[in-house]
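Remember, predicted model here, so these are calculated numbers, not experimental data.
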Amino acid sequence: MLKLSDLAPDIAALVERQQREAQDHEAACVDPCCARCHPEKAPPPVATARSLEQVARERLLAHLPTAFADASLTAPWLVALVGPDAIHQARRAISAKRVALVGPPGSGKTSLAVAMFRAAVEGTRHFAGYRYISSHALAKARATSSLGDEAPLVERALGAPLLLLDELGGEDSRYASAVAEVIYERHAEALPTWITAGVSAKALADRYGGGIARRLFEHAEIFKLGGKS
């Protein structure tokens, strides 16, 4: 009968050496929790857990608009765009339940909001369910959903632990009811809601009603950003 040593003498020698080393280690080891002698007592793979958490965080941030992929509170271009005072205010407002960034196109409101959202995600382990959604996408989702079925995007917006609702007032006015409903319900549940808007508070009140506008701005951290020439 052929032996392993006849077919692969190098492998046989390696196996024999490893077995001998394992026996020597077991005979000399006095650690009752040694992972080599007792692999079932090995500590949990903390590094792996952190890696999985980081993967989940990266997947969430990957859903942010590509145009703002490099928006962060430390980005020099963002500091130059909105000014250091706005950056300082943004750092303070990351834990705020209501945030409103208002300004004309090019003022940096979405860039700053996304940078704040990124900082919020990176600053907590409880980021699951955080959402960035444009008001246009929210209104469109409700308009195109099947009769009697709620759009999944609207459901996610209603239940998100933190919602960044971008370009409020920019959606088709025919389908603005979904946006108003999300704002109303989230306010009732005291869920953190951040918004950006390219129109005034009065224009938002005209579109959604004064009650919705009040829910957006009352006790909110308000950023009034100006256009750059």
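The distance from the CG atom of L78 to the CG atom of D70 is 9.0 Å, given to the nearest 0.5 Å. The CZ atom of R118 sits 12.0 Å away from atom CD1 of I94, with the distance rounded to the nearest 0.5 Å. With rounding to the nearest 0.5 angstrom, the CZ atom of F223 is 3.5 Å from the CD atom of Q89. Atom CG of L81 sits about 8.5 Å away from atom CG of L112, to the nearest 0.5 Å. Taken from CZ in F117 to CH2 in W194, the straight-line distance is 8.0 Å, to the nearest 0.5 Å. Going from atom CZ of F127 over to atom OG1 of T124 covers 8.0 Å, rounded to the nearest 0.5 Å.
Under 3.5 Å, the side chains of T193 and R186 contain a donor-acceptor pair of N or O atoms. Under the 3.5 Å distance criterion, with hydrogens and angles disregarded, a donor-acceptor pair is assigned to the side chains of T110 and D166.
A salt bridge links R92 with E221: at least one charged nitrogen is closer than 4.0 Å to a carboxylate oxygen. Between R207 and E171, at least one side-chain N (NZ, or NE/NH1/NH2) sits under 4.0 Å from a carboxylate O, which counts as a salt bridge.
Between the S135 side chain and the E167 main chain, a donor and an acceptor come within less than 3.5 Å of each other. Of the possible polar contacts, one joining the R57 side chain to the V121 backbone as a donor-acceptor pair under 3.5 Å is found. K109 places a side-chain N or O within 3.5 Å of a backbone atom of G103 that can act as its donor or acceptor partner.
Looking at every heavy atom in both residues, G129 comes nearest to A160 through O-CB, 3.3 Å. In terms of heavy atoms, P161 sits closest to A128 at CG-O, 3.4 Å.
L162 and L191 fall into different hydrophobic clusters, where Ile, Leu, Val, Met, Phe, Trp and Tyr are joined by side-chain heavy atoms under 4.5 Å apart, directly or via other members.
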query: Run the side chain to side chain contact (heavy atoms under 4.5 Å, CB included) check on M116 and R91 step by step: do they pass?
result: CA-CA 7 Å; M116 291 175 62; R91 293 186 185 280; over 6 Å; no

task: Check the pair R131 / H63 against side chain to side chain contact (heavy atoms under 4.5 Å, CB included), numbers first and verdict last.
output: CA-CA 9 Å; R131 299 289 176 186; H63 286 87; over 6 Å; no

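In the hydrophobic clustering, where aliphatic and aromatic side chains (Ile, Leu, Val, Met, Phe, Trp, Tyr) are joined below 4.5 Å either directly or transitively, L153 groups with V102, I133, L138, V154, L158, L163, L165, L168, V179, V182, I183, Y184, I195, V199, L204, Y208, I212, L216, F217, I222.
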